[in-house]
*Asks:* 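Mind looking over this structure? Questions follow.
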Amino acid sequence: MHRRTALGGALTALATAAAGVLVAAAVSTTPAAAAAGGTGTGYLHTSGNKIVDSTGATVRLTGINWFGMETDNKTFHGLWSSNPWRGQLDIMARLGYNTLRIPYSNDALKSGATATGINDFVNPDLIGLSPLQILDKVIDYAGSKGMRVILDRHRPTSAGQSPLWYTSTVSEATWINDWKMLAQRYAGNTTVIGADLHNEPHAEGTNPAATGACWGCGDTARDWRLAAERAGNAILGVQPNWLIFVEGVSCPSGGLSNVWDNDPSNDEDCGWWGGNLSKAGQFPVRLNVANRLVYSPHEYATSVYRQAWFDDPTYPANMPAIWDKYWGYLYKQNIAPIMMGEFGTTLQDPKDKIWLQNLMAYTGTGVNGMSFTYWSWNPNSGDTGGIANDDWTTINQPKQDILTPYLIPPTGGGGTTSPSPTGTPNTSPAPTTPPPPVTGGCTATYKQINSWAGGFQGELTVKNTGTAAVNPWSATWTWPSGVTLASGWNATVTQSGTTVTAAAPAWASSLAAGASVTVGFTANGTAAAPATVKLNGTAC
């Protein structure tokens, strides 16, 4: 469901509640650095109900959704804020989200598509880029932090969601061809691990005249299970290493129940849009490449729609059986992994806090628990709000506190001069013990990436040409008077007078002999190259 406008499934559910229906609603090819922890090493595959990495180690994806690319903006929301796009990813990683689910519409993939809603002063490096080029940059930076990325075909067009995977203007062929294009674009980049084929297939029309997505009905025009096989196999034909994430439907028949017709055969148990996988055990998705299928249900609280189960006198004790029936059995019977692609709440109703606490407990703790991506990072999600507050920098602590025990942080991190998650600027004092000197020497290479009226963006690459590792490392340089630091990444970057210090982040404190580090930054003032660059006091 698309929560930004509080439309879609929630309104459908309200409209049908009287009938007793329960419904809801430039090419980047650089592989991510091998992550020895949170998200594993290399491409991922499945083994029973687990997701495992290229070494066979179990991986739990504990991620978050960052939406916008499926809307009229055709790129990530929040790029209009005062927090640079890298700063937002920094916070997500620090909070423990190791995976990013990125919704898009096919409109954003069209030639000539234009990204809007970007604060050029804060994000000058995005000026003039296409939606796909911005996606490239987000994927590359997320990968540098050890995060993984799941691409989600959220809407055929930016106008809204659809019950089926195709519409009168966006054909099944377009849907599949665009997926093949994305699979080719990111081939070899292990940051991008898979495709969430279509967001929230759901019922439409009243039974027996169903026109929406069914599961196992055998109608090739409506059977979501068969369509998922066609698209999944087409993608695997291009990129056999990807995981294929398949959501459920709302009503397996593909139509809404009509309790007024006195025909019980037309009445069935329905669930959230995309959340009903009750027929997947009987009618499994069959892929041509083994160990690539992950089922991905959606689950929501009363802030989306007050389902009958929320008012059951046994609530919340009744919920595990409901989750078992719709999708949990797939995990418990070792049929396939579960990656809960969306779940969220405003927490305004006391029942919602209980719901979220119990849902997280149901997924299990530690690396063997079910995977998930929370909805959402965005504070402008109409039905749920976000983990980020309206400033896109500070966080909703009550939500985060419930999720934190289940998060497995990415292997990576890195600081910027953006505010911390609590809104307090990064003003940590420099260590009182000076860093060890370099045994040998260093070289420094500067590249100006962009410039604009009143500022510029650059990258300084420092190489340790010595004979031993430097741990911890720290690079310094000077700028002319009047040039001030705006933001930095890949290190904790601070400025005192005309001297700038890039201190090693905790996740990459050592700089091996012969190794290099690239520190990125934006600055205010007339563009100027770093001068008198030093690595741990040794001039480069």
Side-chain angles (χ1 to χ4, degrees), residues 35-41 44-53 55-65 91-101 145-148 150 193 243 245 275 277 294-301 315-345 347 350-377 384 387 395-413 421 507:
T39 53
T41 300
L44 307 182
H45 59 282
T46 69
S47 177
N49 65 0
K50 299 190 186 309
I51 298 173
V52 297
D53 72 0
T55 72
T58 300
V59 170
R60 186 181 191 182
L61 306 176
T62 63
I64 196 163
N65 287 266
I91 296 172
M92 295 179 210
R94 281 202 300 267
L95 291 175
Y97 298 103
N98 65 30
T99 301
L100 194 63
R101 180 175 179 262
K145 306 187 79 60
M147 299 175 77
R148 302 288 193 152
I150 298 168
I193 57 170
L243 296 174
F245 296 87
L277 285 157
V294 179
Y295 287 113
S296 187
H298 291 186
E299 184 70 28
Y300 278 100
Y315 180 81
N318 62 321
M319 294 308 298
I322 291 170
W323 295 325
D324 283 349
K325 175 182 64 177
Y326 284 133
W327 45 270
Y329 75 96
L330 295 164
Y331 185 87
K332 291 187 174 182
Q333 295 178 24
N334 203 38
I335 295 172
I338 289 292
M339 200 291 292
M340 191 163 47
E342 292 184 19
F343 63 105
T345 168
L347 284 187
K351 287 191 173 186
D352 286 15
K353 181 177 180 180
I354 295 171
W355 168 84
L356 186 56
Q357 290 171 329
N358 280 266
L359 178 61
M360 297 313 297
Y362 179 83
T363 67
T365 57
V367 72
N368 290 315
M370 301 181 201
S371 294
F372 59 83
T373 49
Y374 185 79
W375 189 275
S376 60
W377 170 247
T384 65
I387 291 297
I395 66 165
N396 184 309
Q397 199 63 50
K399 293 182 186 179
Q400 184 64 27
D401 286 345
I402 296 174
L403 297 173
T404 293
Y406 303 90
L407 299 177
I408 299 176
T411 300
W507 54 272

*Asks:* Tell me which one of I64, L61, T373 satisfies side chain to side chain contact (heavy atoms under 4.5 Å, CB included) with R101.
*Replies:*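 Passing option: T373.
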*Asks:* Give me the atom names and distance for the closest heavy-atom approach of G341 to S296.
*Replies:* N-OG, 3.4 Å
*Asks:* Taking all heavy atoms of Q400 and all of Y97, pick out the closest pair and write down the distance.
*Replies:*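 What the structure gives for the nearest pair is OE1-OH, 2.7 Å.
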*Asks:* Return the set of residues passing side chain to side chain contact (heavy atoms under 4.5 Å, CB included) with K325 (not counting sequence neighbours), or none when no residue passes.
*Replies:* D269
*Asks:* According to ring-ring contact (aromatic ring centres under 6.0 Å, His included), who are the partners of Y329, at least two apart in sequence or on a separate chain?
*Replies:*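 Partners of Y329 under the ring-ring contact (aromatic ring centres under 6.0 Å, His included) test: none.
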*Asks:* When you check the side-chain N and O atoms of R60 and T365, is any donor under 3.5 Å from an acceptor?
*Replies:*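 Not at all, the side chains of R60 and T365 share no donor-acceptor pair under 3.5 Å.
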*Asks:* Could you tell me which residues satisfy side-chain hydrogen bond (donor to acceptor under 3.5 Å, both in side chains) with Y362, sequence neighbours excluded, listed by chain and number?
*Replies:*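 By the side-chain hydrogen bond (donor to acceptor under 3.5 Å, both in side chains) rule, Y362 matches D324.
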*Asks:* Which value, rounded to the nearest 0.5 Å, describes the distance between K332 atom NZ and I338 atom CD1?
*Replies:* 11.5 Å
*Asks:* Minimum heavy-atom separation for W355 to A301, with atom names?
*Replies:* CE3-CB, 3.5 Å
*Asks:* Rounded to the nearest 0.5 Å, what separates atom CD1 in I193 from atom CD1 in I150?
*Replies:* 4.5 Å
*Asks:* Going by side chain to side chain contact (heavy atoms under 4.5 Å, CB included), name the residues that satisfy it together with P350, two or more places apart in sequence or in a different chain.
*Replies:* none
*Asks:* Keeping K50 on the side-chain end and H45 on the backbone end, is there a donor-acceptor pair under 3.5 Å?
*Replies:*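 No.
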*Asks:* Taking side chain to side chain contact (heavy atoms under 4.5 Å, CB included) as the definition, give me every residue that meets it alongside A361, ordered by chain and number, with sequence neighbours left out.
*Replies:* Y406
*Asks:* Please give me the minimum heavy-atom distance between N49 and N334, naming the atom from each residue.
*Replies:* N-OD1, 2.9 Å
*Asks:* Just how far is it from atom CH2 of W377 to atom CE of M92, taken to the nearest 0.5 Å?
*Replies:*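 So the gap between those two atoms works out to 5.0 Å.
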*Asks:* What's the spacing between L44 CG and I51 CD1 if we round to 0.5 Å?
*Replies:*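 That separation rounds to 7.0 Å.
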*Asks:* The criterion is side chain to side chain contact (heavy atoms under 4.5 Å, CB included); which residues satisfy it with I354, sequence neighbours excluded?
*Replies:* Y315, P316, N358
*Asks:* Start with the C-alpha gap between Y374 and K399, add the side-chain angles, then the distance that decides, and say whether side-chain contact (heavy atoms from CB on, under 4.5 Å) holds.
*Replies:* CA-CA 10 Å; Y374 185 79; K399 293 182 186 179; 3.5 Å; yes
*Asks:* What are the two closest non-hydrogen atoms of L407 and P409, and how far apart are they?
*Replies:* O-CD, 3.6 Å
*Asks:* Verify the distance criterion only: is there a donor paired with an acceptor across the side chains of S376 and N65 at less than 3.5 Å?
*Replies:* no
*Asks:* Set out, in order, the CA-CA distance, both residues' side-chain angles and the distance that settles side-chain contact (heavy atoms from CB on, under 4.5 Å) for V294 and T46, then state yes or no.
*Replies:* CA-CA 8 Å; V294 179; T46 69; 3.9 Å; yes
*Asks:* Would you mind reporting whether T39 and M147 have side-chain heavy atoms less than 4.5 Å apart?
*Replies:* no
*Asks:* Distance check, rounded to the nearest 0.5 Å: M319 atom CE versus L359 atom CG?
*Replies:*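 One gets 8.0 Å once the value is rounded to the nearest 0.5 Å.
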*Asks:* Could you verify whether a donor N or O on one side chain and an acceptor N or O on the other, from N98 and T62, lie under 3.5 Å apart?
*Replies:* yes
*Asks:* Looking at side-chain heavy atoms only, is the closest gap between W375 and H298 below 4.5 Å?
*Replies:*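 Side-chain contact under 4.5 Å: no.
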*Asks:* Find the distance between CG (L403) and CD1 (I387) and round it off to the nearest 0.5 Å.
*Replies:* 5.0 Å
*Asks:* Should the heavy atoms of other residues, nucleotides or ligands under 6.0 Å from NZ of K353 be counted, would the total exceed 12?
*Replies:* no
*Asks:* With side chains defined as the heavy atoms from C-beta onward, is the minimum distance between W323 and M340 less than 4.5 Å?
*Replies:* no
*Asks:* Locate the shortest heavy-atom distance separating I408 from V367; write the atom from each residue and the value.
*Replies:*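 Shortest heavy-atom separation between I408 and V367 comes out as CD1-CA, 3.7 Å.
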*Asks:* Run the ring-centre check on F343 versus Y300 and record whether the distance is less than 6.0 Å.
*Replies:*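 F343 vs Y300: aromatic centres not under 6.0 Å.
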